[in-house]
Amino acid sequence: MEFTASQIASFIDGKIIGDETALITGVSPIENGESGHLSFIAQDRFSHFLDTSKCSVIIVSEKLIVKDSYNPTLIVVKDAYLSFQVLMNLYQEMRGRKEGVEDGSSIHDTAVIGDKAYIGAFTYVSEKAKIGDGSQIYPHVYIGKGVKIGKNCKIDSGARIYDYCIIGDNCVIHSNTVVGGDGFGFQPTAEGFKKIPQLGNVIIEDDVEIGSNCSIDRATIGSTIIGKGTKIDNLIQIAHNVKIGQNNVIAAQAGIAGSTTIGDWNQIGGQVGIVGHIKIGNQVKIQAQSGVNSSVNDKETLYGSPAISYNDYLRNYVHFRNFTEIVSRINNLENNSKDHTNE
């Protein structure tokens with residue numbers, strides 16, 4: 001697609017400094033700009049590229065404008081980062097959605113496929129499954145018995161949605177993620193560990209995005225729940241009967257053990273481990289690689305393993321870094337004290 005600077009400015013309510021007819025045929029990172037490409041600058045540390053970038057057009061935050069003219073054409077907006085996001089979403093919509101059922105897919109006679117949905121080649125849709133209007137199911141996806149998928153969802157290649165799981169509207173599930181695999185339930189006996197049947201399901205509410213290679217286990221009984229608006233990164237394990245509230249973000253390689261409840265608007269860093277059967281409140285921040293082994297109140301910020309208050313951790317870490325010196329000083333004090341006692 002080709003756009004002029006004037007057309008792009010009209011999409012984001014921007015003011016042009018320079019050539020309104022400048023033609024855009026692609027997009028570049030600001031560090032590797034090319035003629036005919038568009039980029040953006042939202043932070044002062046990148047503002048030197050306003051004079052050095054080879055990009056033809058740059059979207060820039062108004063606070064960074066310090067003179068009347070620049071070499072590239074500028075589109076000045078209040079927040080360049082947010083405006084660039086708007087453009088990317090518009091571009092994605094313009095690319096269009098696929099529709100129809102491709103050859104090689106298998107759809108059970110009792111399955112219901114919504115209007116303008118797309119089913120990619122070699123996808124298997126089981127009996128009594130329902131796929132909502134406009135949803136995109138890419139090749140090599142497995143949809144289990146009785147699964148319900150809402151409207152305008154995107155399920156990428158290789159994902160597996162097991163029996164009776166429910167996915168809301170506008171959800172994205174990336175490649176090779178498994179929704180509804182058995183929870184890790186085993187009863188120790190004299191003969192070994194005996195499997196406990198996992199009879200529940202997973203419920204994913206509206207506007208959830210789940211990265212690639214995640215595992216979200218079905219409940220033993222009842223439901224594992226992922227709340228509305230929650231965003232889950234790649235390589236994350238969510239165990240059986242976990243309940244995650246709304247608008248959480250969880251970074252890569254985090255693991256949440258069974259029957260833990262997590263509130264709303266939390267930020268969970270990469271490689272965080274959370275034990276089972278605890279409660280985490282709302283607006284909690286857990287720093288990367290922390291281990292949480294007890295319940296957490298609202299608005300706490302945690303770090304370490306076991307996790308403690310972030311500020312306490314930083315204060316204690318200052319002493320930890322100097323621990324050898326501190327021990328040496330204590331030993332010297334003890335030796336000096338013994339010497340004075342012997343005198």
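Values reported hereafter were calculated over all heavy atoms of this structure, with side chains retained and with hydrogens, waters and symmetry mates removed.
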Item to check | K78/D13 ion pair, N-O < 4.0 Å | outcome: no
Checklist entry - Without hydrogens or angle criteria, can the side chains of H37 and S28 be said to hold a donor-acceptor pair below 3.5 Å? => result yes
Next on the checklist: For Q283 and D264: C-alpha separation, side-chain torsions, deciding distance, then whether side chain to side chain donor-acceptor pair (under 3.5 Å) applies.
Outcome noted: CA-CA 6 Å; Q283 300 180 52; D264 303 331; over 6 Å; no
Next on the checklist: Could you check whether any side-chain heavy atom of H174 comes within less than 4.5 Å of a side-chain heavy atom of V172, counting everything from C-beta outward?
Outcome noted: yes
Item to check | Audit row: F193, F186, ring-ring contact (aromatic ring centres under 6.0 Å, His included) steps and yes/no | outcome: CA-CA 6 Å; F193 289 92; F186 295 91; 7.2 Å; no
Item to check | N241 and T224 side chains, donor-acceptor separation under 3.5 Å | outcome: no
Checklist entry - Could you walk me through whether I286 and V292 pass the side chain to side chain contact (heavy atoms under 4.5 Å, CB included) check? => result CA-CA 9 Å; I286 305 175; V292 182; 3.9 Å; yes
Checklist entry - Transitively linked via ILVMFWY side-chain contacts under 4.5 Å: L90 with F40? => result yes
Item to check | Ring-ring centroid check Y310 Y303, cutoff 6.0 Å | outcome: yes
Item to check | Axial cation check for Y164 ring with K145, 6.0 Å and 45° limits | outcome: no
Checklist entry - Cluster question for you: counting only ILVMFWY and a side-chain heavy-atom cut-off of under 4.5 Å, with indirect links fine, are I268 and V296 together? => result yes
Next on the checklist: Testing the basics here: between Y118 and Q136, what is the closest heavy-atom pair and its distance to 0.1 Å?
Outcome noted: CB-NE2, 3.6 Å
Item to check | Parallel, tilted or perpendicular: rings of Y162 and Y142 (30°, 60°) | outcome: perpendicular
Checklist entry - When rounded to the nearest 0.5 angstrom, what distance separates CG in D79 from NZ in K63? => result 7.5 Å
Checklist entry - Taking atom CD of E34 and atom OG of S53, what is their separation to the nearest 0.5 Å? => result 10.0 Å
Next on the checklist: For N266 and N248, which I'm curious about, is there any donor-acceptor pair between the side chains at under 3.5 Å?
Outcome noted: yes
Next on the checklist: Please determine whether residues V147 and Y124 belong to a single hydrophobic cluster, defined as Ile, Leu, Val, Met, Phe, Trp and Tyr linked transitively by side-chain heavy-atom distances below 4.5 Å.
Outcome noted: no
Checklist entry - Where do R218 and D163 land on the salt bridge (charged side-chain N to carboxylate O under 4.0 Å, His left out) test, with the steps shown first? => result CA-CA 9 Å; R218 68 194 308 109; D163 294 354; over 6 Å; no
Item to check | Co-membership, hydrophobic cluster, residues L38 and L50, 4.5 Å side-chain | outcome: no
Item to check | Residue pair D109, K128: steps toward the salt bridge (charged side-chain N to carboxylate O under 4.0 Å, His left out) verdict | outcome: CA-CA 8 Å; D109 292 342; K128 298 183 180 179; over 6 Å; no
Checklist entry - Applying the 4.5 Å side-chain criterion to the ILVMFWY set and letting contacts propagate, would Y91 and L87 be lumped into a single cluster? => result yes
Next on the checklist: As a quick check of understanding, evaluate side chain to side chain donor-acceptor pair (under 3.5 Å) for T220 and H240, giving each step before the final call.
Outcome noted: CA-CA 6 Å; T220 306; H240 57 176; 3.0 Å; yes
Checklist entry - Heavy-atom count around R329 CZ within 6.0 Å, excluding the residue itself: above 12? => result no
Checklist entry - Going by heavy atoms in the side chains, are V77 and K15 under 4.5 Å from each other? => result no
Item to check | Value rounded to 0.5 Å, distance of CD1 in I216 from CD1 in I225 | outcome: 12.5 Å
Next on the checklist: Evaluate I65 against Y70 for side chain to side chain contact (heavy atoms under 4.5 Å, CB included), listing each step before the verdict.
Outcome noted: CA-CA 10 Å; I65 299 298; Y70 293 86; 4.2 Å; yes
Checklist entry - What distance do I75 atom CD1 and I59 atom CD1 have between them, rounded to the nearest 0.5 Å? => result 5.0 Å
Checklist entry - Any luck finding a side-chain donor-acceptor pair between D19 and T73 under 3.5 Å? => result no
Checklist outcome for this item: CD of Q253 to CD of Q289, rounded to nearest 0.5 Å, is 9.0 Å
Checklist entry - What is the minimum heavy-atom distance between F184 and D217, and which atoms define it? => result N-OD2, 4.2 Å
Checklist entry - Could you go step by step and tell me if Q246 and W265 meet the side chain to side chain contact (heavy atoms under 4.5 Å, CB included) rule? => result CA-CA 6 Å; Q246 298 184 6; W265 293 101; 5.8 Å; no
Item to check | NZ (K231) with more than 12 external heavy atoms under 6.0 Å | outcome: yes
